[in-house]
Amino acid sequence: MQVDGARILIVGATGVLGGRVAHALASRGARLALTGRDADRLDSVARETGAVCTFKLDVIDTTACGDVVRGAVDDLGGLDAVVVAHGLAAFGAAADTDEAVAEELLTVNTLAVMALARAALGQLSDGGVLCVVTAVLADMPMAGMAAYSASKAATSAYLSAIRREVRRSGVQVFDVRPPHMDTGLVDRAITGEPPRLPTGHDLDDVVEHLVRGLEEGKRELVADARGGALMLR
Ligand SMILES: NC(=O)c1ccc[n+]([C@@H]2O[C@H](COP(=O)([O-])OP(=O)(O)OC[C@H]3O[C@@H](n4cnc5c(N)ncnc54)[C@H](OP(=O)(O)O)[C@@H]3O)[C@@H](O)[C@H]2O)c1
C-alpha cells in the first residue's frame, strides 16, 4: 500500500500508540480520519496531523463503530486502510475478576473490533488494509491478565479467520502483536495491579514496524520470544 495520499481511518488516535501512528502516517502524506473518546485530545491530534475529519467514539457502542466507518468513507471519499489502535487493560487473578470487567474488556478489545471489521471489509479499496493492534499476550497469555489475554487472543483468531475469507478480494489483514510498551495503558487499567512487566519496548520501533507492515502488505507484527525484537511476516 502506498501511504502517500492513502485514506486511512485510525480508531483510538487519542491513545499514545494511536497518536504516534497518526503522526507517522500524516508525515508520509496519508489523509486521516481519527477517532477517540477524549474530545480535547482528539482535537489536538487532528490539528497536529491535519486530519480530514474526526469522530468522537466510545467503542462500547458497537453500532456506532459501524456508523463511524461509514462516516469516514464519506468524508475521505473512500477507504484504503483502517488502523485499530484502541484498547483497554485490566489486571487481577481470574477468580477475582468481576463479570462486568470481563464484559467491558471483551466488548472494547474484541466485539468492537469485530464491528469495525464488519463495516470496513466491504468498503476497503483493492489492496486496502485492515490493521488491528492486538498484543503479544495473544500468543503468550500471562497470569494476572487472563481476561485481557483472552480478549486479545480472540481478536487475533478472528483476524486469522477473516484473512482467509478475504484472500481473493485484495484486502490485507495485518495483526500487530507488540510486546509491553511504556504508554501508560497499565496505569489506565480498569481494575487491579499489574504483574511484574518487562521493560517497555521502544515505541518508535513499534510505530516504524507498523507503518512498514502497512506499506509492505504484511500479515503480522510479532515479537521474538527471546530478545523481544520485532519481526514482520
Ligand atoms: N502499552 C502496551 O504495553 C501494549 C502492549 C501490547 C498491545 N497494546 C495495545 O496497543 C493498543 C494501544 O494502547 P496504548 O498502549 O497506546 O494505550 P493508551 O494510550 O491507553 O490508548 C488506549 C486507547 O484506547 C482508547 N479507548 C479505551 N477504551 C475505549 C472505549 N471504550 N471507546 C473508545 N476508545 C477507547 C483510548 O481512548 P481515550 O484516550 O480517548 O479514552 C485510547 O485512544 C491497545 O489495543 C493495547 O491493548 C498495548
Side-chain angles (χ1 to χ4, degrees), residues 9-24 32 34-46 49 51 54-69 82-91 100-101 103-116 131-142 144-145 147-156 158-159 174-191 194-207 209-210 220-223 228 230:
L9 168 64
I10 302 178
V11 181
T14 46
V16 174
L17 180 61
R20 295 275 199 110
V21 170
H23 280 93
L32 301 178
L34 306 178
T35 88
R37 261 186 322 188
D38 184 308
D40 291 340
R41 222 160 340 114
L42 184 58
D43 283 349
S44 46
V45 183
T49 59
T54 60
F55 299 88
K56 193 167 176 307
L57 172 67
D58 187 330
V59 301
I60 288 278
D61 181 354
T62 52
T63 305
C65 291
D67 295 340
V68 162
V69 172
V82 179
V83 178
V84 180
H86 76 264
L88 198 58
F91 302 107
V101 168
E103 269 181 20
E104 187 169 352
L105 280 196
L106 268 294
T107 304
V108 170
N109 293 345
T110 310
L111 296 179
V113 178
M114 293 184 184
L116 291 161
C131 167
V132 179
V133 181
T134 59
V136 70
L137 297 192
D139 297 320
M140 291 179 255
M142 264 182 92
M145 298 181 70
Y148 179 78
S149 302
S151 70
K152 293 296 190 176
T155 303
S156 197
Y158 179 78
L159 296 174
F174 181 27
D175 180 3
V176 175
R177 303 199 289 278
H180 175 62
M181 304 166 281
D182 290 323
T183 60
L185 173 80
V186 164
D187 308 315
R188 291 184 281 280
I190 50 173
T191 188
R196 243 174 80 97
L197 294 167
T199 308
H201 193 95
D202 178 19
L203 200 47
D204 289 335
D205 189 41
V206 175
V207 173
H209 277 79
L210 187 154
E220 297 175 311
L221 184 163
V222 292
L230 302 182

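For the numbers below, each heavy atom of this structure counts, side chains included, while hydrogens, waters and symmetry mates do not. Remember, it's 1-based here, ligands and their atoms both numbered in the order they're listed. No experiment lies behind these values; they were computed from the predicted model shown. Sequential numbering from 1 along the given sequence is applied to the chain's residues.
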* Structure fact -> Exactly one of Val136, Leu210, Val133 clears side-chain contact (heavy atoms from CB on, under 4.5 Å) with Pro178, and that residue is Val133
[X] versus [Y]: any side-chain heavy-atom pair under 4.5 Å?
{"X": "Val16", "Y": "Leu185", "result": "no"}
{"X": "Val108", "Y": "Ile60", "result": "yes"}
{"X": "Val176", "Y": "His209", "result": "no"}
{"X": "Asn109", "Y": "Lys152", "result": "yes"}
{"X": "Phe91", "Y": "Val186", "result": "yes"}
{"X": "Arg20", "Y": "Asp204", "result": "yes"}
{"X": "Pro179", "Y": "Leu230", "result": "yes"}

Regarding [atom]: of the candidates [options], which has the closest heavy atom?
{"atom": "atom 48 (C) of ligand 1", "options": "Arg177, Met181, Lys152, Arg37", "result": "Met181"}
{"atom": "atom 22 (C) of ligand 1", "options": "Pro178, Gly87, Pro198, Ser151", "result": "Gly87"}
{"atom": "atom 12 (C) of ligand 1", "options": "Gly15, Ala13, Ala85", "result": "Ala85"}

For [atom], find the nearest protein heavy atom and state the residue, atom name and distance (0.1 Å precision).
{"atom": "atom 38 (P) of ligand 1", "answer": "Thr14 OG1, 3.3 Å"}
{"atom": "atom 47 (O) of ligand 1", "answer": "Tyr148 OH, 2.6 Å"}
{"atom": "atom 10 (O) of ligand 1", "answer": "Val133 CG1, 3.3 Å"}
{"atom": "atom 1 (N) of ligand 1", "answer": "Thr183 OG1, 3.0 Å"}
{"atom": "atom 25 (C) of ligand 1", "answer": "His86 CB, 3.7 Å"}
{"atom": "atom 39 (O) of ligand 1", "answer": "Arg41 NH1, 3.1 Å"}
{"atom": "atom 31 (N) of ligand 1", "answer": "Asp58 OD1, 2.9 Å"}
{"atom": "atom 33 (C) of ligand 1", "answer": "Leu57 O, 3.2 Å"}

* Thr35 side chain to Lys56 main-chain N or O, any donor-acceptor pair under 3.5 Å? -> no
Less than 3.5 Å between some nitrogen or oxygen of [X] and one of ligand 1, yes or no?
{"X": "Leu17", "result": "yes"}
{"X": "Leu185", "result": "no"}
{"X": "Val59", "result": "yes"}

* Asked: What do the steps show when you test His86 against Leu116 for side chain to side chain contact (heavy atoms under 4.5 Å, CB included), and what is the final call?
  -> CA-CA 11 Å; His86 76 264; Leu116 291 161; 3.9 Å; yes
Contacting atoms of ligand 1, where contact means under 4.0 angstrom from a heavy atom of [X]:
{"X": "Asp38", "value": "40 (O)"}
{"X": "Thr134", "value": "7 (C), 8 (N), 9 (C)"}
{"X": "His180", "value": "3 (O)"}
{"X": "Gly12", "value": "43 (O)"}

* Asked: Looking at Val101 and Ala90, what are the two nearest heavy atoms and their distance?
  -> CG1-CB, 3.7 Å
* Touching ligand 1 at all, Pro179? Heavy atoms, strictly under 4.0 Å? -> yes
* I would like to know whether Leu17 and Val207 meet side chain to side chain contact (heavy atoms under 4.5 Å, CB included); could you show each step before the answer? => CA-CA 7 Å; Leu17 180 61; Val207 173; 3.9 Å; yes
